[in-house]
2 protein chains.
Amino acid sequence: MTDEPKPGTSWLADSLRQAGYKLTAPRLAVLRVLEAEGEHLSPAEVLERGRAIYPTLSRATVYRTLELLTGLGVIRPIYLGDGGPCFTYARGGHHHLVCSACGAVIEFNECVVGELAQTLSDQFGFQIKSHLLEFYGLCGDCQ
Amino acid sequence: MTDEPKPGTSWLADSLRQAGYKLTAPRLAVLRVLEAEGEHLSPAEVLERGRAIYPTLSRATVYRTLELLTGLGVIRPIYLGDGGPCFTYARGGHHHLVCSACGAVIEFNECVVGELAQTLSDQFGFQIKSHLLEFYGLCGDCQ
DNA sequence: CATTTAATTGAGACAAAATCTCAGTTAGAT
DNA sequence: ATCTAACTGAGATTTTGTCTCAATTAAATG
Ligand SMILES: [Zn+2]
Ligand SMILES: [Zn+2]
Ligand SMILES: [Zn+2]
Ligand SMILES: [Zn+2]
């Protein structure tokens with residue numbers, strides 16, 4: 001028989017477990033939501049989708065779990081200019097062009113911060129896990 | 001007689017006027033607050049300080065004015081990890097090291113995105129006015 | 001497997017932040 | 001001076017986030 005895909009085997013779940021937290025059903029629901037679409041999810045969206053998996057999931061647990069994962073540095077909040085915060089994986093980089101006028105967000109891939117990250121790491125004794133590079137301005141349509 | 005320093009003569013005021021908006025007393029109060037300390041101001045702080053200048057300033061007007069200036073691309077919201085958004089001038093760059101665990105924010109000055117900005121500008125037809133570069137990780141104390 | 005215990009939970013009260021409505025006011029054009 | 005669309009404050013309303021507490025539960029232990 002092949003190994004059954006145990007629940008709680010993922011980067012996020014491992015992070016929680018290694019930090020000594022319990023892997024409860026409500027938490028696993030939140031993790032599954034984040035893993036299914038780990039980009040730009042607002043707390044409200046996490047709650048809504050999480051309840052599709054675990055119907056009694058409470059708002060408080062969503063906030064508590066997001067806070068927990070943020071503190072562990074595996075996800076992090078960002079603002080996209082359209083209102084409240086949303087959460088994304090805190091791994092590697094996120095690169096956006098954001099239009100001040102219409103709110104459009106374009107993602108790009110070129111990244112130029114590798115060396116700087118190393119320099120800052122040394123200079124400030126900071127252990128860098130991820131970064132966000134955003135340019136603000138006007139998109140073609142809005143100029 | 002020398003020219004009296006007319007109200008409504010500033011980068012922010014000029015932006016509003018040129019876009020065809022009225023320069024009202026409540027708006028000027030908000031502008032004065034932003035100009036006095038144009039960094040990292042939350043809407044609540046803007047309201048509080050604005051009322052020291054124009055006592056009946058309303059919360060709604062603060063939000064409306066911040067939204068207006070954001071749409072014009074002269075200020076913009078950023079998230080510092082400590083709660084809600086705050087607003088800063090949308091001119092030049094902002095550079096932060098943010099600790100995921102304790103929320104500490106360190107500012108740095110080295111900037112490496114000039115060329116990339118030009119490239120993206122050309123590639124996407126985007127008119128870039130400002131940028132935000134943030135590194136996330138653990139500060140020396142929290143490692 | 002049964003017991004134990006501290007971590008975690010949901011519900012709902014609560015607080016804070018943001019949005020909306022509308023009658024009255026005003027900047028700026030004419 | 002007049003006019004009018006833009007703008008305003010007050011307060012109702014909605015949305016978002018926090019807190020408390022009794023009940024539940026994961027996981028360690030024997
Ligand atoms: Zn646009
Ligand atoms: Zn990058
Ligand atoms: Zn720290
Ligand atoms: Zn820069």
Side-chain angles (χ1 to χ4, degrees), chain A residues 6-9 12-31 40-72 75 77-87 103, chain B residues 6-9 12-31 40-72 75 77-87 103:
Chain A
K6 279 194 303 188
T9 300
L12 296 181
D14 290 345
S15 302
L16 280 186
R17 191 167 20 221
Q18 285 177 23
Y21 295 106
K22 289 184 182 178
L23 277 186
T24 64
R27 278 179 185 163
L28 287 173
V30 171
L31 300 194
H40 306 178
L41 284 164
S42 69
E45 286 168 340
V46 173
L47 177 59
E48 184 188 346
R49 300 189 191 195
R51 280 185 167 162
I53 298 172
Y54 186 84
T56 63
L57 180 65
S58 75
R59 176 198 311 278
T61 294
V62 169
Y63 279 101
R64 289 189 279 231
T65 305
L66 292 175
E67 184 185 14
L68 215 51
L69 294 170
T70 300
L72 293 176
I75 65 174
I78 63 178
Y79 263 93
L80 282 181
D82 59 346
C86 33
F87 289 80
Chain B
K6 280 193 303 189
T9 300
L12 296 181
D14 290 345
S15 303
L16 280 186
R17 191 166 19 221
Q18 285 177 23
Y21 295 106
K22 289 186 182 178
L23 277 187
T24 64
R27 277 180 186 164
L28 286 173
V30 171
L31 300 194
H40 305 176
L41 284 164
S42 70
E45 286 168 340
V46 173
L47 177 59
E48 185 188 344
R49 301 188 191 196
R51 279 185 168 163
I53 298 172
Y54 186 84
T56 63
L57 180 64
S58 77
R59 175 193 311 279
T61 294
V62 169
Y63 279 102
R64 289 189 280 231
T65 305
L66 291 175
E67 184 186 14
L68 216 50
L69 294 170
T70 301
L72 293 176
I75 65 173
I78 63 177
Y79 183 74
L80 281 182
D82 58 346
C86 30
F87 289 80

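If you're wondering where the values come from, they're calculated on a predicted model, not measured in any experiment. Chain A is the first sequence line, chain B the second, and so forth, proteins listed ahead of strands; every chain is numbered from 1.
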Item to check | Out of C:dA6, C:dG28, C:dA18, whichever nucleotide has its closest atom nearest the side chain of B:K22 | outcome: C:dG28
Checklist entry - Is any side-chain N or O of A:T24 closer than 4.0 Å to OP1 or OP2 of D:dT25? => result no
Checklist entry - Could you go step by step and tell me if B:I53 and B:L28 meet the side-chain contact (heavy atoms from CB on, under 4.5 Å) rule? => result CA-CA 9 Å; B:I53 298 172; B:L28 286 173; over 6 Å; no
Item to check | Heavy-atom donor-acceptor pair, A:R64 side-chain to C:dG10 base, under 3.5 Å | outcome: yes
Next on the checklist: Can you measure B:L23 atom CG to D:dT8 atom C1' for me and round it to whole angstrom units?
Outcome noted: 15 Å
Checklist entry - Which whole-number value in Å describes the distance from B:Y21 OH to C:dA29 P? => result 16 Å
Next on the checklist: I need the CG-P distance between B:L66 and C:dT19, as an integer number of Å.
Outcome noted: 10 Å
Item to check | Integer-rounded Å distance: D:dT16 C1' and A:F87 CZ | outcome: 12 Å
Next on the checklist: Between A:E45 (side chain only) and A:S42 (backbone N and O only), is there a donor and an acceptor less than 3.5 Å apart?
Outcome noted: yes
Checklist entry - Of the non-hydrogen atoms in A:L47 and A:L57, which two are nearest, and what is the gap between them? => result CD1-O, 3.8 Å
Checklist entry - Hey, is the main chain of B:T61 close enough, under 3.5 Å, to the side chain of B:T65 for a donor-acceptor pair? => result yes
Checklist entry - Do the side chains of A:P85 and A:I78 get nearer than 4.5 Å, heavy atoms only? => result no
Next on the checklist: Could you tell me how far apart B:E45 (CD) and C:dA16 (P) are, to the nearest whole angstrom?
Outcome noted: 16 Å
Checklist entry - Tell me: CZ of B:R27 to C1' of C:dT26, nearest whole Å? => result 11 Å
Checklist entry - Listed in order of residue number, which residues of residues 55-63 of chain B have a non-hydrogen atom at under 4.0 Å from DNA chain C? => result B:R59, B:A60, B:Y63
Item to check | Value in whole Å for how far the C1' atom of D:dT24 lies from OH of A:Y54 | outcome: 9 Å
Item to check | Main-chain N/O of A:K22 paired with A:R17 side-chain donor or acceptor, under 3.5 Å | outcome: no
Checklist outcome for this item: Here the distance between atom P of C:dT8 and atom CG of A:L31, to the nearest Å, is 13 Å
Checklist entry - Does A:H40 reach the side chain of A:F87, with side-chain heavy atoms less than 4.5 Å apart? => result no
